[in-house]
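Every number for a ligand or one of its atoms is a count from 1 in the order of the listing.
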Amino acid sequence: MKILHAARSLGGTEKMDDVLTTDVDFDVIVVGAGVAGCVTAYQLATKGHSVLLVERGQTPGSKNLSGGVFYCSIMEECMPGFIDEAPIERRITRNCLSFLSESSFVNVDYGDKRLKESVTAVSVLRAKLDEWLANKCEEAGVMLMSGVKVDTLVKENDSIVGIRAGEDELRAHVVVAADGVNSFICRDAGIRAKEPMKHLAVGVKSVIRLPRNVIEERFNLTGDEGVAYAVVGDCTNGVAGGGFLYTNLESLSIGVVLRLDDLVGKGYSSVELHDRFLTHPAIEPFLKEGELLEYGCHMVAEGGQDMVHDLTRAGLVVVGEAAGFALNTGFTVRGMDLAAGSGLAAARAIDAALLKGDYSKVSLDQYSAELDHTFVGKDMRTYAKAPYFLENPRMYGDYGKILSDVMYSVYNLDTTPRQHLLPGAMKALKKSPVKLTQIIKDMYAGVKAL
Ligand SMILES: Cc1cc2nc3c(=O)[nH]c(=O)nc-3n(C[C@H](O)[C@H](O)[C@H](O)COP(=O)(O)OP(=O)(O)OC[C@H]3O[C@@H](n4cnc5c(N)ncnc54)[C@H](O)[C@@H]3O)c2cc1C
């Protein structure tokens, strides 16, 4: 067993050697060293269990990509000291919602002293963050194996009893699927079939290097303060989705998230729309004289609650985006906090199962029950209608244009006699193909969904 030999030669602890003499190689095998996998592995190791964390990337984080705002309040519970020790770029103290039309932008720029006083959102770069998380796991006693792709699950009598990678087989009481949005493990376990395209989006992201002082001047920031832009409207050329721009210490994370069915249906390439966004007149000045450091594409779960399937099988627990936990509300893209929250709940349930020696589905279902009472289960339910609302094509063209025309009627002070705001807005609306009743219906749907 090559992997097992490698695991031993990597420096298995005495405790690990004890475990290797029993019928299982580890108490728990976690597949995927993203946020969900690392939190689960760390929590179980600190409770004294033997844990193997398998990651297909050569280093944790090398295969990962996020826009980069981590709503990180949950991390103090998952890994105490996170805020002080983790490789955080900036604290997000300002949020800007930007509506684009082809030639204009209308921004709602929200800053708040309260956001500066507590740290609830930070910008991160996944290559650094995931490596740090994996190091914390190793410090807690987790055996990390990078550069190993899990190929199949090992099943016996309807239970999952281990994993196979190449010719090697490893056994555990519980396997944790933390292998992200395209979770092959969930498919292998019969939990998920291939997701419909409307449940998936493709994200294309660049990291652009700029000197720290230039970022702070351009975005009006001081110290470690940061700003997050959520961009809607024309930035995707009518394709369902949006843009984002986040400030790091010495770089900007910028890109687009595009719903796959609409992207394919409209015949655009994701790269072309990413490049178009970066050259929009509202965006380009932010990037001036920047140097491209990183560029990548990654899928993201967009189906919301409809993408959440079974979370357990006998011997198997599913966490993070593999379980469908991701939320796009247009204001925020969330996945990392839900990954951490689900990892924490899973570790509690697995710990209880290990103590009882009962790895049946019924026993592991404590995870689903527990999750229901956490912010993960509750937020997934609260935003269950968000994906349907965001299917509305008017969000990606008409509304940016209407808003821009209303603002133009207010600020274009030529010699035409002025009108009050309401008649001016009504005139702009009359020019638009969208009827007032439709706008009211859309606003109502938005209020209910978001
Ligand atoms: C463009 C974009 C922007 C985003 N912006 C944000 C944002 O601003 N904020 C936010 O919170 N979320 C954001 N997300 C979502 C977020 O990135 C994910 O929800 C989150 O990373 C999910 O964490 P996870 O640990 O479940 O999975 P992942 O981070 O995807 O980790 C899964 C891990 O499993 C490994 N793996 C997969 N298959 C195997 C295998 N067979 N064997 C071994 N290892 C395997 C992978 O290499 C990877 O390391 C964004 C996503 C994209 C694509």
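Which of Ala339, Ser253, Ser123, Gly34 comes nearest to atom 23 (O) of ligand 1 through a heavy atom is settled by distance: it is Ala339. When the heavy atoms of Met145, Glu321, Arg56, Arg126 are ranked by distance to atom 44 (N) of ligand 1, first place goes to Arg56. Across Glu55, Glu302, Gln58, heavy-atom proximity to atom 35 (C) of ligand 1 is greatest for Glu55.
Contact detail for Asp310 and Ile191: the closest heavy-atom pair is O-CG2, 3.3 Å. Here the closest non-hydrogen pair linking Ile83 and Cys72 is CD1-SG, 3.6 Å.
Using 4.0 Å as the threshold, Val148 has a heavy atom nearer than that to some atom of ligand 1. Residue Gly255 places no heavy atom under 4.0 Å from ligand 1.
The parts of Ala36 lying near ligand 1 are both backbone and side chain, judged by heavy-atom distances below 4.0 Å. When non-hydrogen atoms are compared, ligand 1 lies under 4.0 Å from neither the backbone nor the side chain of Ala301. The side chain of Tyr246, and not its backbone, has at least one atom closer than 4.0 Å to an atom of ligand 1 (non-hydrogen atoms only; side chain from C-beta on). If you look at Val31 next to ligand 1, the close heavy atoms, those under 4.0 Å, all belong to the side chain.
For the residue pair Ser98 and Asn107, a side-chain donor N or O sits within less than 3.5 Å of a side-chain acceptor on the partner. Under 3.5 Å, the side chains of Tyr246 and Asn248 contain no donor-acceptor pair of N or O atoms. Residues Asp365 and Thr312 bring a donor and an acceptor atom of their side chains to less than 3.5 Å of each other.
Residue Met336 has at least one N or O atom closer than 3.5 Å to an N or O atom of ligand 1. Considering backbone and side-chain N/O of Phe325, none are found under 3.5 Å from N/O of ligand 1. On a distance-only criterion, Val319 and ligand 1 share no N/O pair closer than 3.5 Å. Note: an N/O pair closer than 3.5 Å links Val333 and ligand 1 by distance alone. In terms of polar-atom proximity, defined here as any N/O pair under 3.5 Å, Val257 makes no such contact with ligand 1.
Between Glu55 and Lys149, none of the side-chain N atoms (NZ, or NE/NH1/NH2) sits under 4.0 Å from a carboxylate O, so this pair counts as no salt bridge. Arg259 and Glu302 are not joined by a salt bridge, as no carboxylate oxygen comes within less than 4.0 angstrom of a charged side-chain nitrogen. Taking the charged nitrogens against the carboxylate oxygens, Arg91 and Asp224 do have a contact shorter than 4.0 Å, which makes a salt bridge. Classification of Arg334 and Asp379 as a salt-bridged pair holds, one side-chain N sitting under 4.0 Å from a carboxylate O.
Less than 4.0 angstrom separates some heavy atom of Arg334 from each of these atoms of ligand 1: 10 (C), 11 (O), 12 (N). When each atom of ligand 1 is checked for a heavy atom of Lys149 under 4.0 Å away, the hits are 41 (N), 42 (N). Residue-ligand proximity, Ala178 to ligand 1, at heavy-atom distances under 4.0 Å covers atoms 32 (C), 33 (C), 34 (O).
For Tyr295, the OH atom sits in a packed shell: over 12 heavy atoms of surrounding residues, nucleotides or ligands are nearer than 6.0 Å.
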